[in-house]
Peer 1: 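To start, I am sharing the structure in question, which I have written as structure tokens.
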Amino acid sequence: MNDFAIEKSWQVLQTHGAEMASLHMRDLFAKDPDRAQKFWREGAGLALDFSKNRILPETMTHLLALAKAAGLEQKRAALFAGEKINTTEDRAVLHMALRDHREGLYKVDGKDVMPLVLAERAKMKSFCADIHSGKRLGASGKKLTTIVNIGIGGSDLGPAMVCEALKPYWLQGQRVFFVSNVDGADLAGVLQQIDPETTLFLIASKTFTTQETMTNAQSARQWFLAQGRSKADIARHFVALSTNSQAVSEFGIDGDNMFQFWDWVGGRYSLWSAIGLSIALTVGYDNFEKLLMGAHEMDRHFQQAPMEDNLPILLALIAIWNRNILGMSAHAVLPYDQGLHRFPAFLQQAEMESNGKSVKLDGTNVTGETCPVIFGEPGTNGQHAFYQMLHQGTDIISADFIAPARSHYEMGDHHAKLLANFLAQPQALMQGKSLAEVKAEMKRAGASDGDIETIAPHRVFPGNRPSNAIIFEKLTPQSLGALIALYEHKIFTQGVIWQINSFDQWGVELGKQMAGAILPELSVSGEAKPKVSKHDASTNRLLNHLNDMRQSGA
Ligand code: G6Q
């Protein structure tokens, strides 16, 4: 990393950005018949079309120079070598080891982590086999066919997203539920649907101290006992996925029923670890392995492909261009696949918790912008909701359109219609429709001159709105693994360029602390509480009013 070279690269990009401001992608496509070919890359079973961005080949040259100046290659090597790149927590970042099988490559403090990884994977495999074969039964001798994962954040979003995406692979008779919110509605809603005799609870928490998870876990245990089950039965129905063996044993789960992972697995990068047990139990261990293999293939691609052909790097650089040079503050993730309906929520955490930072690794403030707002919904639903703003809003929002060529649910022309929309939306965003075109179209349709004057401006689409398209053959465990890892490495690459630590999350602490202070002041079950005046006036007023309402039963 060379500060001077970085600064210079940013300047080159700013100048280039100003030159590009007046160009319209429509003209860029018209001028260059090879454009789609030039900005198309493939890797790990995925294809990326980034031609519908406001870029020229030299844009990519300048962006790649920035990545080089920021030391991306060295930092990537440090990541894979297990260096403690999460400096504020003094931790290595090695989720890639969880999807590899080769020993001797991933070391923390000089010690190979693979024997531990492989042993835990073997334990998960045999546990799944025992559950699925009925060798391990519930306390009353029934098969455990319902999985309830209790966890939040990284211990929920990844496995929940994957289980939804891999529904066509669910083992027959197997069901899975995810409980995350401390709002009792979440747990209550699941408890209504399950039978304690056939349910296996997975308490998924890296720290085993998280308020929401511990509250839900305690309540689930109470419910289980209240259903006529004994304390001795708990061992057959509760399993822990954690790094904290002491807290797990204090909760009453013994070592045999605990699956380990390690501090070098970040919460939002943990679905590949024991945190993925809900996935393995739902889709079968072999499919879980295929998910790991898909991600591993992307790891290899990220490590080995030249930077100019490297999917995660390209995706990151385009995002940097849109965010830092063209000033776009939001990015939409738009999967045209119902199975991926939780993918935007997953990425919302992965990207915003990782890169929503404003202090650099050296403790100084960042000077430009970092992570944009990430949001999204599956297509075509989003089209009937917020796409209006994507097409005609005052903010320009970049987007990733994601789609498989084939569906697991080929039914008549459903998938062709889905794909037609997947193709049309980015096309419309890119091309737009000018006032002259709108007027001509209205005239052809027989509109009066008066109508044309009043309505035409509302029907103009400025176009020139950027998007990437990511396609693959089918949503399988393997392609899903590759897709998730693509984004993980995109996030890493952006963090390197912004010079921030993508792997801590101090921003979630303050609210937690304050909630801890407020909790004792709240009426738990309608009991009277003294008036509170020690907070800011707004918090005092809200708290006192809530207590009044809780006490009066209103
Ligand atoms: C993820 C975050 C966060 C974490 C949850 C749950 O990277 O650290 O989302 O996963 O707060 O934490 P536990 O797994 O420790 O319960």
Side-chain angles (χ1 to χ4, degrees), residues 79 85-96 98 120 148-162 178-183 186-187 201-221 238-251 253 258-279 342 344-357 371 374 484-485 487-492 494-495 500-516:
L79 165 80
I85 62 164
N86 176 357
T87 48
T88 61
E89 295 179 315
D90 195 30
R91 287 175 183 165
V93 177
L94 276 182
H95 44 274
M96 301 79 64
L98 301 167
E120 214 55 28
V148 177
N149 187 86
I150 297 181
I152 195 165
S155 301
D156 166 72
L157 286 160
M161 178 274 286
V162 170
F178 288 85
V179 175
S180 52
N181 203 330
V182 75
D183 181 343
D186 205 3
L187 180 62
F201 289 96
L202 309 181
I203 315 301
S205 176
K206 181 174 170 182
T207 55
F208 231 72
T209 57
T210 304
Q211 185 193 52
E212 294 90 333
T213 302
M214 291 303 109
T215 308
N216 278 321
Q218 295 288 2
S219 299
R221 185 165 63 175
F238 282 78
V239 156
L241 321 173
S242 187
T243 59
N244 185 349
S245 8
Q246 196 185 329
V248 167
S249 104
E250 279 161 21
F251 181 88
I253 295 178
M258 174 180 172
F259 294 83
Q260 297 253 11
F261 59 112
W262 308 275
D263 75 351
W264 44 264
V265 182
R268 53 195 173 275
Y269 300 91
S270 65
L271 71 92
W272 322 101
S273 71
I275 290 291
L277 188 61
S278 53
I279 304 171
R342 293 295 287 158
F346 168 76
L347 279 188
Q348 203 169 288
Q349 174 185 37
E351 297 223 14
M352 295 204 275
E353 199 167 65
S354 298
N355 285 338
K357 316 268 163 79
C371 192
I374 304 288
I484 301 168
Y487 279 92
E488 287 181 347
H489 294 313
K490 171 205 170 186
I491 292 165
F492 168 79
Q494 284 180 294
I500 56 179
N501 180 356
S502 302
F503 300 103
D504 60 10
Q505 55 282 315
W506 297 105
V508 302
E509 293 304 320
L510 181 60
K512 274 196 218 169
Q513 254 175 32
M514 289 188 164

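Not measured: the values here are computed from a predicted model. Both ligands and their constituent atoms are indexed starting at 1 by order of listing.
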Peer 1: Once you round to the nearest 0.5 Å, how far does CD1 of Ile150 lie from CG of Leu241?
Peer 2: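 Ile150 atom CD1 to Leu241 atom CG measures 11.0 Å (nearest 0.5 Å).
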
Peer 1: Closest non-hydrogen protein atom to atom 4 (C) of ligand 1, residue and atom name please, with distance?
Peer 2: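 Going by distance alone, atom 4 (C) of ligand 1 is nearest to Gly154 N, 3.8 Å.
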
Peer 1: Rounded to the nearest 0.5 Å, what's the gap from CG on Asn501 to OG1 on Thr88? Could you check?
Peer 2: 4.5 Å

Peer 1: Could you tell me the residue and atom name of the protein heavy atom closest to atom 2 (C) of ligand 1, and the distance to it rounded to 0.1 Å?
Peer 2: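 Residue, atom and distance for the closest contact: Glu353 OE1, 3.1 Å.
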
Peer 1: Judging by distance only, is a nitrogen or oxygen of Gly266 under 3.5 angstrom from one on ligand 1?
Peer 2: no

Peer 1: Where do Glu488 and Met96 land on the side chain to side chain contact (heavy atoms under 4.5 Å, CB included) test, with the steps shown first?
Peer 2: CA-CA 10 Å; Glu488 287 181 347; Met96 301 79 64; over 6 Å; no

Peer 1: Is atom 7 (O) of ligand 1 in close reach of the protein, with a heavy atom under 4.0 Å away?
Peer 2: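 Given the 4.0 Å cut-off, atom 7 (O) of ligand 1 counts as touching protein heavy atoms.
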
Peer 1: Starting from atom 12 (O) of ligand 1, locate the nearest protein heavy atom and write down its residue, its atom name and how far away it is, to 0.1 Å.
Peer 2: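 For atom 12 (O) of ligand 1, the nearest protein heavy atom comes out as Thr210 OG1, 3.4 Å.
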
Peer 1: Less than 4.5 Å apart, any side-chain heavy atom of Phe261 and any of His95?
Peer 2: no

Peer 1: Among all protein non-hydrogen atoms, which one is nearest to atom 5 (C) of ligand 1, and what is the separation to 0.1 Å?
Peer 2: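 Checked against all protein heavy atoms, atom 5 (C) of ligand 1 sits closest to Ile152 O, 3.5 Å.
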
Peer 1: Between Thr207 and Thr210, do the side chains contain an N or O donor and an N or O acceptor separated by less than 3.5 Å?
Peer 2: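 There is such a pair between these side chains.
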
Peer 1: Side chain to side chain contact (heavy atoms under 4.5 Å, CB included) between Glu120 and Leu98: does it pass, once the steps are laid out?
Peer 2: CA-CA 10 Å; Glu120 214 55 28; Leu98 301 167; over 6 Å; no

Peer 1: How close do Lys206 and Val265 get, counting heavy atoms only, and between which atoms?
Peer 2: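 In this case the closest contact between Lys206 and Val265 is NZ-O, 2.8 Å.
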
Peer 1: For ligand 1, find out whether one of its N or O atoms is nearer than 3.5 Å to an N or O atom of Thr213.
Peer 2: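 So ligand 1 has no N or O lying under 3.5 Å from an N or O of Thr213.
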
Peer 1: Need the ligand 1 atom indices (1-based, order shown) with element for anything under 4.0 Å from a heavy-atom of Gly267.
Peer 2: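 With Gly267 as reference, the close atoms of ligand 1 come out as 1 (C), 7 (O), 10 (O).
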
Peer 1: Of Ile484, Val93, Ile491, Ile275, which is the lone residue that meets side chain to side chain contact (heavy atoms under 4.5 Å, CB included) with Tyr269?
Peer 2: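 For Tyr269, the side chain to side chain contact (heavy atoms under 4.5 Å, CB included) test succeeds with only one of Ile484, Val93, Ile491, Ile275, which is Ile491.
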
Peer 1: Should the pair Phe251 and Phe208 be assigned to parallel (<30°), tilted (30 to 60°) or perpendicular (>60°) ring geometry?
Peer 2: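 Answer is perpendicular, since the angle exceeds 60°.
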
Peer 1: List every atom of ligand 1 that sits less than 4.0 Å from any heavy atom of Gln505, numbering the atoms from 1 in the order shown and giving each element.
Peer 2: 7 (O), 8 (O)

Peer 1: Examine ligand 1 and decide if any of its atoms is less than 4.0 Å from a heavy atom belonging to Gln349.
Peer 2: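 Yes.
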
Peer 1: To check your reading of the model: name the closest protein heavy atom to atom 15 (O) of ligand 1, its residue, and the distance in Å.
Peer 2: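 Nearest protein contact, heavy atoms only, for atom 15 (O) of ligand 1 is Thr207 OG1, 2.6 Å.
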
Peer 1: Distance under 4.0 Å to a non-hydrogen atom of Ser155: what atoms of ligand 1 satisfy this?
Peer 2: 10 (O), 13 (P), 14 (O)

Peer 1: Output the list of atoms in ligand 1 that are nearer than 4.0 Å to some heavy atom of Ser205, sorted by atom number.
Peer 2: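 Answer, ordered by atom number: 13 (P), 14 (O), 15 (O), 16 (O).
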
